[in-house]
Amino acid sequence: MVRGRKAVVKAPRELVIVEEEFPSPGKGEVLIKTKATLISIGTELTKFSGDFPRGSHWDEVFRYPYSPGYSNCGEIIEVGEGVEGLKVGDRVASLGPHAEYVLMRQEEVYPVPDGVSDEEATFATLAATVMNGVRLANVKLGESVVVLGLGILGQLACQFSGLCGGFPVIGVDMSEKRLKLAEELGATLVLNPRRQDVRKEIERATKGRGADVVFEVTGNPEVIPWGLKLTKRQGRFIVLSSPRGPSTVDFHDEVNWPSRIIIGTHFTSHPSCETPYNPWTVKRNIELFFDLILAGKVNVKKMITHRYPWTELGEVYRRLLDPLGDRLQYLGIILTYG
């Protein structure tokens, strides 16, 4: 048993750092000392702010108090009875929160190979989320892909869609910094709706055919009706974000008549175990993500824009929610643990 600190959100916009005892691992568990965590800006800020409709799934699942965060990299310091394939000293990624120590079941941790840094490993949860979304979208060679929103998920959606053969891959965002990064990381075309007619540019880039696949990654429910209109007849519209509230859609005009397909791709839709029909569990996707980093096929280092001591998490959240601030300057925010 060790003593350490963790972040706790007691109520909307109220975060404290508390000290507690972390128990020794039980059967099938491991105790991990955190080395770095990543802030998932969209989901974490939605939960921290409490800015979601009462009675929604958000409201049912996320109760206060809670420990925020789910993108953790650390080192195993103790293993429980019956743990196989893991040992003290192993670096692992997990869905552990922002805390100095986390206790996890062995099936919820993923070994980090040599050559993948602690900071890169913190992206594993979000990478698996996007891989699952791109697989469910069934992006094929030569299909045109549009990604609406170029935060971490959107940047990864561009990279993974390109690896699947998507072409052109078109990134859309209002931040010139994010657009430039997407272009550096392989997007075929980037568009800013503040200065360009996005629909017209997509038509031009696809020779009038329109987008085969559109990923919605902004989390803004008002973007969904617009994104549907950007999707070609019989195309696929992928909800990769976790929208914060209802959208108004004419399902006859935007879904039924053009026969568009809407696909939700939440992290929890991963298969629970490998089968010949779908082997792509969270574990398999994370293993592949690490292999792609080692092979130089995927880059997350360039997404890191800020680093802070983890004890400043509350202040970072408040800065991100500041209506007078520029939230779009932030992308990958790494929290460090001394």
Side-chain angles (χ1 to χ4, degrees), residues 123-124 126-173 178-179 181-191 198-217 227-241 255 258-267 269-271 274-282 284-300 302-303:
F123 286 80
L126 297 184
T129 300
V130 179
M131 283 183 168
N132 183 53
V134 171
R135 293 187 194 287
L136 290 173
N138 194 25
V139 176
K140 296 186 284 290
L141 180 65
E143 287 194 314
S144 54
V145 176
V146 172
V147 179
L148 305 178
L150 296 175
I152 294 174
L153 298 185
Q155 298 285 347
L156 288 170
C158 287
Q159 292 190 61
F160 293 144
S161 293
L163 286 172
C164 289
F167 186 85
V169 175
I170 303 169
V172 181
D173 202 284
R178 292 183 177 187
L179 292 169
L181 177 60
E183 208 165 25
E184 289 178 13
L185 296 178
T188 313
L189 175 68
V190 293
L191 302 172
V198 171
R199 188 167 187 171
K200 184 179 295 184
E201 292 301 321
I202 290 173
E203 290 292 316
R204 180 179 295 128
T206 61
K207 299 180 174 60
R209 298 184 179 94
D212 293 292
V213 179
V214 174
F215 288 95
E216 194 293 304
V217 209
L228 279 167
K229 292 178 184 294
L230 299 176
T231 311
K232 65 179 284 188
R233 286 181 58 84
Q234 300 183 8
R236 284 103 69 200
F237 181 79
I238 315 302
V239 185
L240 182 55
S241 72
V255 181
S259 299
R260 295 180 178 119
I261 300 168
I262 301 176
I263 303 173
T265 62
H266 194 268
F267 180 84
S269 62
H270 275 95
E274 290 189 34
T275 70
Y277 306 100
N278 187 357
W280 295 105
T281 60
V282 174
R284 280 290 302 274
N285 275 332
I286 288 178
E287 286 178 353
L288 176 59
F289 168 61
F290 290 150
D291 287 343
L292 290 171
I293 287 177
L294 292 172
K297 300 294 185 181
V298 168
N299 188 314
V300 294
K302 288 189 175 182
M303 297 184 202

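These numbers come from a predicted model, not from an experiment. Excluded from the calculations below are hydrogen atoms, water molecules and symmetry mates; all remaining heavy atoms, backbone and side chain alike, are included.
Annotation for F267: atom CZ counts as buried by contact number, over 12 foreign heavy atoms lying within 6.0 Å. A 6.0 Å sphere centred on NZ of K229 holds no more than 12 heavy atoms belonging to other residues, nucleotides or ligands.
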Go through the steps for V190 and I170 under the test side chain to side chain contact (heavy atoms under 4.5 Å, CB included), then give the verdict.
-> CA-CA 6 Å; V190 293; I170 303 169; over 6 Å; no

Assess whether side chain to side chain donor-acceptor pair (under 3.5 Å) is satisfied between T281 and E274, documenting all intermediate values.
-> CA-CA 6 Å; T281 60; E274 290 189 34; 4.6 Å; no

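Residues V239 and F237 are in side-chain contact: their nearest non-hydrogen atoms beyond the backbone lie under 4.5 Å apart. The side-chain heavy atoms of L163 and V134, taken from C-beta on, include no pair separated by under 4.5 Å. Residues R233 and R260 form no side-chain contact, since every pair of their non-hydrogen atoms from C-beta on lies 4.5 Å or further apart. The closest side-chain heavy-atom distance from L156 to V300 is below 4.5 Å. Inter-residue side-chain proximity for F289 and M131 is flagged as met; some heavy-atom pair is nearer than 4.5 Å. Contact check for K232 versus V213: no side-chain heavy atoms found under the 4.5 Å cut-off. For the pair L230/R199, a side-chain contact is recorded, criterion being any heavy-atom separation below 4.5 Å from C-beta on. In this structure the side chain of I262 reaches within 4.5 angstrom of the side chain of L228, judged on heavy atoms.
Rounded to the nearest 0.5 angstrom, L189 CG and F167 CZ are separated by 10.0 Å. With values rounded to the nearest 0.5 angstrom, I286 atom CD1 is found 12.5 Å from W280 atom CH2. Between the OG1 atom of T129 and the CG atom of L240 there is a distance of 7.5 Å, given to the nearest 0.5 Å. Distance check, rounded to the nearest 0.5 Å: CG of L136 to NE2 of H266 gives 12.5 Å. Here the CD atom belonging to E143 is positioned 4.5 Å from the CG atom belonging to D212, to the nearest 0.5 angstrom.
When all heavy atoms of A127 and F160 are compared, the closest pair comes out as O-CE1, 3.7 Å. The two residues S269 and N132 have their closest heavy-atom pair at OG-ND2, 2.8 Å. Smallest separation of non-hydrogen atoms from G133 and F215: O-CE2, 4.0 Å.
Using modelled atom types, no side-chain atom of S259 and backbone atom of V255 make a donor-acceptor pair closer than 3.5 Å. No side-chain donor-acceptor contact under 3.5 Å links S144 to the backbone of T206. Between the side chain of Q159 and the backbone N or O of N299, at least one donor-acceptor pair lies under 3.5 Å. Judged purely by atom type and a 3.5 angstrom limit, S161 has no side-chain atom pairing as donor or acceptor with the backbone of C158. Looking only at distances, a side-chain donor or acceptor of R236 sits under 3.5 Å from a matching main-chain atom of N138. When atom types are taken as modelled, the side chain of T231 and the backbone of V214 share no donor-acceptor pair closer than 3.5 angstrom.
No hydrogens or angles considered: nothing links the side chains of N278 and R135 as a donor-acceptor pair under 3.5 Å.
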Below 3.5 Å, can you tabulate the donor-acceptor pairs from side chains in residues 145-155 to any protein atom, sequence neighbours excluded?
residue: Q155; atom: OE1; partner: A182; partner atom: N; Å: 3.4
residue: Q155; atom: NE2; partner: L150; partner atom: O; Å: 3.1
residue: Q155; atom: NE2; partner: R178; partner atom: O; Å: 3.1

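Ion pairing of E203 with K200 is absent here, as no side-chain N (NZ or NE/NH1/NH2) approaches a carboxylate O to less than 4.0 Å.
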